[in-house]
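Everything quoted here is computed from the prediction, not taken from an experiment. When reading the values below, keep in mind they use all heavy atoms of this one structure, side chains included, and skip hydrogens, waters and symmetry mates. A note on names: the letters A, B, ... follow the listed sequences, proteins ahead of strands, and every chain is numbered from 1.
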2 protein chains.
Amino acid sequence: MYDIGIIGSGPAALSAAVNARQRNKSVCIFGRSLDSSLLFAAEKVDNYLGMPDLSGEEMLNQFYAHAVKRGVEFKESRISQIMSMGDYFVINAENEFYEAKTLILAIGLNKSRGIAGEMDYLGKGVSYCATCDGMLYRGKRVVVVGENEEGEAEANFLADICESVSYLPLYQPVMNLKEKVTLLQGSPKAVLGEGIRVTGVEVNGEAISCDGIFFAKNSTPPESLLFGLKTEGKNIVVDRSMATNLPGVYAAGDCTGAPYQIAKAVGEGLVAALSAAAYIDAKK
Amino acid sequence: MYDIGIIGSGPAALSAAVNARQRNKSVCIFGRSLDSSLLFAAEKVDNYLGMPDLSGEEMLNQFYAHAVKRGVEFKESRISQIMSMGDYFVINAENEFYEAKTLILAIGLNKSRGIAGEMDYLGKGVSYCATCDGMLYRGKRVVVVGENEEGEAEANFLADICESVSYLPLYQPVMNLKEKVTLLQGSPKAVLGEGIRVTGVEVNGEAISCDGIFFAKNSTPPESLLFGLKTEGKNIVVDRSMATNLPGVYAAGDCTGAPYQIAKAVGEGLVAALSAAAYIDAKK
């Protein structure tokens, strides 16, 4: 059981981790590789005080080195679901499960725009995690929309459970689909439904009938990552201590809103870590 | 006229300045020398992401070098009063006056505790600035309480205006008082008053009668620095954009509350600068 589980691997996550270690908390970063950070691609960054004239990659490497030096653990993985267990959390890291007393969400800017109806039918036929929800669709018809090749693994997993699986890739090339999976082409426009259940998905003007739709996204929308998390538009709602509406859950960095800048992320990561540490200490 | 006047010279102020320059705003830092920052005395700082294992002095020097490199101006002075002129501000820097379209208050932790009654009689006989308010006490009796040798200059200035001036130093030695000024000894316990006016000050159990009390402090309480500024306890009240209750006035760093940490200050300085820049651009 970690004291603090940090979701994300950008500046906010790394700052939170360094500061959690300084408070003697055990901490693990769950996130994608460093080069997935928007900062990695930045040609030059000049507004993080004290470190002028670096490339984004150089800066991230210095950030990472600082965290490694302080004993931060890293599990490179895409996190699609976290479950609250009352007074701790279970983090599903590509089907390996880890426990943490508190969470810091530093999941970056949610670039997935979502399609019409997607949020309306969340939990009513729309899912972001085949492992979590696949069994609910035993013997039923599902469509998997994949933003990356992890969608293929999701579709293949569902193929063993569901009556039919259609796969709609939003990237090229598709490499590794089971024979049972039907390949679709085009782009999804809307989740279709009647009352409280999904009935299909609209692709290129055509309604494709199904009982469930799985989205394999580059970043999971925060409100589906953790049930009950309060958001406003694309942002996780936080107070000045970086606390979300859920006890023991904090957020930092781009996912809490503009400005999308390193110094803000680093500052919020610090504050979130101190708040999480104080939360743990108060429960002792 | 500067676009942005920054009050303070610590990490929040320097981060605000670097980011204001990046938005092409003219900016001047008004503050005491770098070695007045609490950070300067820190033996080792290890929780500002990317810059491990530095002394406070080394870190401040790197921060300062970054700001200088970006064309930030500096005026080393103690700021005791700022006046709002409607759509710009006048900054009184030891009796030199500068104008700015917007303000960022990065004045650090207010360590002056204040004595009983001090805040109750602010503007009703209690003042922090002899130059600003001295003429109101022409022919009257005043007491000056000095935390540092600048109090002597305040007392000497008032000696030319007031009927009597008593000086109560909270430091040693007192070097340069005019003959007309009476030297007191002890420590002030309470501001005394009747109704809406000061009547005296209690020193070592004794009531010393006077019409006005001037405090020359190491740091001016924010609510007396700028009229109408909203505070809560010792903190300046800000929203997530670091805006205070006064249009065009932002705050950042320790003066907005705990945690008193570099990363928080640097992050808030960035946010305050972007908010001030946006405020200026919106008025064009």
(message) Is R70(A) in contact with chain B via its backbone, its side chain, both, or neither, using a 4.5 Å heavy-atom distance?
(response) side chain

(request) Heavy-atom distances under 4.5 Å only: say whether V266(A) touches chain B with side chain, backbone, both or neither. (result) both

(request) Answer yes or no: is there a donor N or O on one side and an acceptor on the other, between the side chain of H66(A) and the main chain of N47(B), under 3.5 Å? (result) no

(message) A quick test of your reading: do over 12 heavy atoms of other residues, nucleotides or ligands sit less than 6.0 Å from OH of Y260(B)?
(response) yes

(message) Please classify the contact of D46(A) with chain B as side chain, backbone, both or neither, using a heavy-atom distance under 4.5 Å.
(response) both

(message) Can you tell me if R78(B) has over 12 outside heavy atoms packed within less than 6.0 Å of its CZ?
(response) yes

(message) Please rank A65(A), G50(A), A17(A), A265(A) by heavy-atom pairs under 4.5 Å with chain B and give me the top one.
(response) G50(A)

(message) What part of L14(A) gets within 4.5 angstrom of chain B, counting heavy atoms only: side chain, backbone, both, or neither?
(response) both

(message) Nearest 0.5 angstrom please: R240(A) CZ to D239(B) CG, how far?
(response) 9.0 Å

(request) Could you tell me whether the side chain of L274(A) reaches within less than 4.5 Å of the side chain of Q261(B), counting heavy atoms only? (result) yes

(request) Please state whether the side chain, the backbone, both or neither of T256(A) comes within less than 4.5 Å of a heavy atom of chain B. (result) both

(message) Can you tell me which of R21(B), M59(B), K264(B) forms the most heavy-atom pairs within a distance under 4.5 Å of chain A?
(response) K264(B)

(message) Nearest 0.5 Å, please: how far is CD in Q62(B) from CE in M51(A)?
(response) 9.0 Å

(request) May I ask you to test the Y48(B)-L49(A) pair for a side-chain heavy-atom distance under 4.5 Å? (result) yes

